[in-house]
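To keep things clear, I will list the structure first and then write my remarks on it.
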Number of protein chains: 2
Amino acid sequence: MNPHGPQCRGVTGVLQRVGDKWSMLTINALAEGPRRFSELRRSIEGISQRMLTLTLRGLERDGLVTRTVTPSIPPRVDYELTKLGQSLQQPVGELARWAIDHLTEIQASQQRFDVVADAAREEGKLSRE
Amino acid sequence: MNPHGPQCRGVTGVLQRVGDKWSMLTINALAEGPRRFSELRRSIEGISQRMLTLTLRGLERDGLVTRTVTPSIPPRVDYELTKLGQSLQQPVGELARWAIDHLTEIQASQQRFDVVADAAREEGKLSRE
DNA sequence: CCGAATCCTTTCCGATACTG
DNA sequence: CAGTATCGGAAAGGATTCGG
């Protein structure tokens, strides 16, 4: 694959979408069926109303979710994964599996790295005095 | 999978790494074997020295690449994918495949969305005058 | 209930200059 | 060659307020 062709940019774009702080959590929350806005807000720990709105807009723009307004009082808005959105779940699921399988390995590496990095900084501090 | 357990955070962490602007491009540039810093810098279009350094540090911290210094003059530093880094390529490859397969669909959706959004904004502008 | 708008803080990142 | 240090603009994102 040409690393600088339009395809590569597209792939990078998709990676950035799934790497977005809230997108995958949102898709995950929609995995088992349609949910309304306030349900999503409650089920996605720590998300602000603003970010949920923005995330859903982005997903809707990409064709991954649909937005359905029911003009009742109070108003009601439901979100649902499209077929495209559902089809994303498999490849992301495999990545998730990889992450889970290697999580302890990654965390161990991070700890080793941080210990060494801290020691190096102390070293530099001492020799500069 | 518990959506708020430590596993989920780990998965999100991995997604954010692959979604990082330069990480996957860097891993990709290392796919066929070790490369030295300046080679990477040239082969990854548009990356700054700073970001290449930071990206490589992050990947090294996660145990995805190794950094090997050869203290010659001029100095030489080689980077290479670890086994862990190589094992990441398959699941990411599948996501890349998905992205390529659905790229036109996504772009079409984006265009439709943008057209409608623009029309809505114009509408609002008119009714406010 | 849903979400747009605003404010404000934090983080990102490119450009530049400097070091071993 | 391979970094590190610093600065400033841009963007992300949380908190809050207002509106339909």
Side-chain angles (χ1 to χ4, degrees), chain A residues 12-13 15-26 29-30 34-61 65-80 116-118 120-121 123-125 127-128, chain B residues 12-13 15-17 19-23 25-26 29-30 34-61 65-80 113 116-118 120-125 127-128:
Chain A
T12 300
L15 289 178
Q16 299 206 168
R17 152 120 353 275
V18 305
D20 173 276
K21 189 170 178 185
W22 300 111
S23 289
M24 282 314 304
L25 293 175
T26 303
L30 287 169
R35 293 284 182 274
R36 44 190 304 189
F37 187 86
S38 47
E39 288 178 311
L40 289 172
R41 181 148 165 50
R42 275 189 299 271
S43 72
I44 303 174
E45 191 109 358
I47 195 169
S48 65
Q49 188 177 42
R50 172 187 149 82
M51 287 316 295
L52 181 55
T53 300
L54 289 179
T55 300
L56 288 167
R57 285 290 173 284
L59 295 174
E60 187 192 359
R61 178 173 183 267
V65 308
T66 56
R67 176 174 180 270
T68 310
V69 181
T70 308
S72 55
I73 296 179
R76 173 194 180 104
V77 183
D78 287 271
Y79 294 90
E80 183 171 12
V116 173
D118 281 4
R121 282 196 301 105
E123 178 88 17
K125 203 180 289 178
S127 62
R128 233 181 293 110
Chain B
T12 301
L15 289 177
Q16 298 206 169
R17 154 124 346 277
D20 174 276
K21 189 171 178 185
W22 300 112
S23 289
L25 293 174
T26 302
L30 288 169
R35 293 283 183 275
R36 45 192 303 190
F37 187 86
S38 49
E39 289 178 311
L40 289 173
R41 182 148 165 51
R42 275 189 299 272
S43 73
I44 304 173
E45 191 109 359
I47 196 169
S48 65
Q49 187 178 39
R50 173 185 147 79
M51 286 317 293
L52 180 54
T53 299
L54 290 178
T55 301
L56 287 167
R57 284 291 173 283
L59 295 173
E60 187 192 359
R61 185 174 112 96
V65 308
T66 57
R67 176 173 181 270
T68 309
V69 180
T70 308
S72 55
I73 297 180
R76 173 193 181 105
V77 182
D78 288 271
Y79 293 90
E80 183 171 10
F113 185 94
V116 173
D118 281 5
R121 282 196 301 108
E122 287 305 316
E123 178 89 15
K125 202 179 290 178
S127 62
R128 234 181 292 112

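Residue numbering restarts at 1 for every chain, and letters A, B, ... go by the order of the sequence lines.
- Rounded to a whole Å, the CD atom of A:E39 is 12 Å from the C1' atom of C:dC1.
- When side chains are defined from C-beta on, B:V77 counts as touching B:R67, because their heavy atoms get closer than 4.5 Å.
- One can place CD of A:Q16 at 13 Å from C1' of C:dC13, the figure rounded to the nearest angstrom.
- Heavy atoms of A:R41 sit nowhere under 4.0 angstrom from any nucleic acid atom.
- You'll find that the side chain of A:K21 is closest to D:dG13, out of C:dG20, D:dG13, C:dC2.
- Contact annotation: the side chain of A:D78 approaches that of A:R76 to within less than 4.5 Å [non-hydrogen atoms, C-beta and beyond].
- The nearest whole Å value for the distance from the CG atom in A:L54 to the P atom in C:dG3 is 11 Å.
- Between A:S38 and the phosphate of C:dC2, there is a side-chain N or O to OP1/OP2 separation shorter than 4.0 Å.
- Between the CZ atom of B:F37 and the P atom of D:dG3 there is a distance of 5 Å, rounded to whole Å.
- Atom CG in B:L52 sits about 14 Å away from atom C1' in C:dG14, given to the nearest Å.
- For B:R41 (side chain) and B:I47 (main-chain N/O), a donor-acceptor pair under 3.5 Å exists by modelled atom type.
- Proximity of A:R76 to the phosphate of C:dC2: no side-chain N or O atom is located under 4.0 Å from OP1 or OP2.
- Applying the 4.0 Å criterion to OP1 and OP2 of C:dC2, one finds that A:R67 has every side-chain N and O outside that range.
- For the pair B:R50 and C:dC12, the criterion of a side-chain N or O lying under 4.0 Å from OP1 or OP2 is not met.
- When the P atom of D:dG3 is taken as reference, atom CD1 of B:I47 falls 12 Å away, rounded to whole Å.
- Distance from the side chain of B:R57 is smallest for D:dT4 among the nucleotides D:dT4, D:dG14, C:dG14.
- Atom C1' of nucleotide C:dG3 and atom CD of A:Q49 are separated by 6 Å, given to the nearest angstrom.
- Nearer the 5' end of DNA chain C, as judged by each residue's closest nucleotide, is the contact made by A:Y79, out of B:W22 and A:Y79.
- Rounded to whole Å, atom C1' of D:dG13 lies 11 Å from atom CG of A:D20.
- Annotation: side chain of B:L54 is not in contact with side chain of B:R57 (no heavy-atom distance under 4.5 Å).
- Looking at the side chain of A:V77, the nearest of the listed nucleotides C:dG3, C:dG20, C:dG14 is C:dG3.
- With contacts defined as side-chain heavy-atom distances shorter than 4.5 Å, the pair A:L56/A:L40 qualifies.
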